Amino acid sequence: MKLRYLIPSFIAALTMFVSCSDEFEPTYLGEVQLSSSYVAIPQEGGSTAVKVTATGDWAVDAEKIPAWLTVSPAAGGAGETTMTFSADAAIDGRTAELLLTCGGKTQHINVIQGLSTVSKATCAEVIAGPDSKTYRVTGVCTAIANTNYGNWYLQDATGQIYIYGTVDKSGKYNWTSFGIEVGDEVTVEGPKTTYNGTVELVDVQVISVNKSLIKIAEIDPEDAVLPIEGGDFTVTLSNKGQGVYVTVPEDAASWLSIVSISGNVVKFRAAANQGGDRSTNIVFKTTDGKKEYTCEQAVSQKGAIIAATVADFLAAEIGTTQYRLNGIITRLYYYKEDVAGFYIADYSGETLVYKASGFTGAEAKPGDVVTVSGQRGDYKGNAQMVSGTFEELNHSVTEISIADFRNLPDNTEAYYRISGEIVNATEDGTKNDVDQYGNFNLKDSTGEVYIYGVLTGWGGAKGKFGELGLTWGDKLTIIAYKTTFKAKNLVEGVGVYFSHEKAE
């Protein structure tokens, strides 16, 4: 089921009820009776009540209730209940079909608010217009994102909008029945919404499809992905128009060039790539003498993976460039009780790594030092690494008491996680410093250990500990390896900051 929106197909069928009386005959099932199965709410907003008489427990399917409609109560028990349907003022007419279930039987409730009107508009006018208004727009299909629901991009001379769902006259998602291909001119009709900054028309109906005279017949290589060292890319067109017109997009002019145009075959050449992944969309045009037709082909080129700090990654643009991060797992990320990634931190910051290939939660744990690569993504304004790969567990870090840490042999390759209170070091030859380097004793219930320097995070520089704002009595957790200080019977743990708690 497509959950984000519910735009029913019965809009036209219900319009007649707006001009009729609000008095409807009750509808009957053996298990539940409604005083009306049709609910009309004024366009300026308001509430309408329906009486429910049931023989047992009943409920309205919550997934069918759109965001603009409030149903109260949405569930009840045996007897008589007054159910109220409320909505704020609507710019355009809107409808919903709800399902009330009782005793295994289902009653349909049709809700309508106002009259649905359609405005002819350009993409720019849709973008500038209000949400919830219904528009009719004509443009070219530039890309198809999903063929289950019919998600695609429509563009005209004024801009581009996203089509989120394409339905037939019965309201069903039936993509193959529309015959829409990239390059076709399509007229659609549907309501506008804005989702995470993207302007969309939702569950549109197709009014007409004007097939393009030019289409992509064949490409070489077939996956349209060029190697890092560069190479040729050939596009063979099916063209019923007058000639072929193509230019290299401005965003790719520095690395992609046209080698030749021979009839309907166009050859491009990509230069070697010294940076990250890059891509572009090439537009091919033809004309019948009156009208211009287009089709589009994406091409990408593999690039070097850029080693970056977390701060650099967060500052990067959203795109397909690959970045490699090295840092400490601070915590796991769960989605519906399943591990779906982890947070990684270095001295410069922290970011979410979402569903990296090769990571299930068994490969590493919080505190471990890892390497991961992937693309800069974003979800609801929050940066994250996507399309990632869990590359390496650099150090498996063991949590240990300070007493056990002191008894370890020296080993700069083995890392441990220790926690304790920051206290003064009193042994001869030691010094105390919380303002710059991080020299002090770390104390837990089992003992104390001298810490000779703490970095502010993985990859951080020495002498920056004071920037953490810690002081005596604060509880500090560090990742450390064991060494012996100046051949004395003192233990040092050269550490990397993990977390802290301020003293009360």
Side-chain angles (χ1 to χ4, degrees), residues 1-118 130-134 165 167-173 189-193 202-205:
M1 178 183 293
K2 182 163 170 283
L3 300 178
R4 270 181 48 195
Y5 304 99
L6 179 64
I7 307 297
S9 62
F10 53 82
I11 297 176
L14 290 182
T15 303
M16 58 179 287
F17 289 100
V18 178
S19 58
C20 299
S21 169
D22 288 341
E23 297 297 327
F24 297 100
E25 291 297 322
T27 61
Y28 297 99
L29 291 175
E31 293 75 16
V32 62
Q33 300 174 16
L34 302 179
S35 59
S36 175
S37 61
Y38 293 95
V39 178
I41 300 174
Q43 186 161 339
E44 62 270 20
S47 299
T48 300
V50 171
K51 185 183 297 183
V52 181
T53 305
T55 59
D57 292 341
W58 59 270
V60 177
D61 186 349
E63 291 186 355
K64 296 291 186 180
I65 303 175
W68 58 267
L69 180 64
T70 300
V71 180
S72 180
E80 188 176 287
T81 305
T82 298
M83 183 166 47
T84 302
F85 299 80
S86 305
D88 294 332
I91 295 174
D92 233 342
R94 50 193 180 184
T95 64
E97 182 180 21
L98 308 184
L99 302 178
L100 185 151
T101 303
C102 179
K105 298 295 179 65
T106 299
Q107 172 69 56
H108 291 251
I109 306 173
N110 297 322
V111 182
I112 186 167
Q113 184 182 19
L115 285 171
S116 180
T117 58
V118 180
D131 283 3
S132 300
K133 188 171 181 60
T134 300
V167 299
D168 59 22
K169 291 182 179 179
S170 68
K172 295 181 179 179
Y173 303 109
E189 184 178 293
K192 175 197 170 182
T193 189
V202 181
D203 286 354
V204 302
Q205 289 196 4

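Please read these numbers as outputs of a predicted model, since none were measured by experiment. Atom set for the values below is all heavy atoms of this structure, side chains included, hydrogens, waters and symmetry mates excluded.
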### Query
Do Gln107 and Ser37 touch side chain to side chain, with heavy atoms closer than 4.5 Å?
yes
### Query
Would you say Leu34 and Val52 make side-chain contact, with heavy atoms under 4.5 Å?
yes
Please report the closest heavy-atom contact between [X] and [Y], naming both atoms and the distance.
{"X": "Pro130", "Y": "Lys192", "result": "O-CD, 3.6 Å"}
{"X": "Ser36", "Y": "Tyr38", "result": "OG-O, 2.6 Å"}
{"X": "Asp203", "Y": "Val167", "result": "O-CG2, 3.7 Å"}
{"X": "Asn110", "Y": "Glu97", "result": "OD1-CG, 3.5 Å"}

### Message
Between Asp61 and Thr101, does the side-chain contact (heavy atoms from CB on, under 4.5 Å) criterion hold? Intermediate values first, please.
### Response
CA-CA 8 Å; Asp61 186 349; Thr101 303; over 6 Å; no
### Query
Taking atom CD of Glu31 and atom CG of Asp57, what is their separation to the nearest 0.5 Å?
13.0 Å
### Query
Going from CD1 on Ile109 to CG on Leu100, what distance comes out if it is rounded to the nearest 0.5 angstrom?
5.0 Å
### Message
Checking Thr95 against Gln113 for the side-chain contact (heavy atoms from CB on, under 4.5 Å) test, could you report, in this order, the C-alpha distance in whole Å, the side-chain angles of both residues, the deciding distance, and whether it holds?
### Response
CA-CA 6 Å; Thr95 64; Gln113 184 182 19; over 6 Å; no
#### Entry: side-chain contact (heavy atoms from CB on, under 4.5 Å) involving Asp88 - partner list, sequence neighbours excluded
none
### Query
What pairs with Ser47 under side-chain contact (heavy atoms from CB on, under 4.5 Å), at least two apart in sequence or on another chain?
Thr84, Ser86
Could you list the donor-acceptor pairs under 3.5 angstrom formed between side-chain atoms of residues 69-82 and any protein atom two or more places apart in sequence or on another chain?
none

### Message
Can a donor-acceptor pair be found, under 3.5 Å and without considering hydrogens, that links the side chain of Thr48 to the backbone of Ala40?
### Response
yes
### Query
Which is it for Thr53 and Val32 under the side-chain contact (heavy atoms from CB on, under 4.5 Å) test, yes or no, and what are the steps along the way?
CA-CA 6 Å; Thr53 305; Val32 62; over 6 Å; no
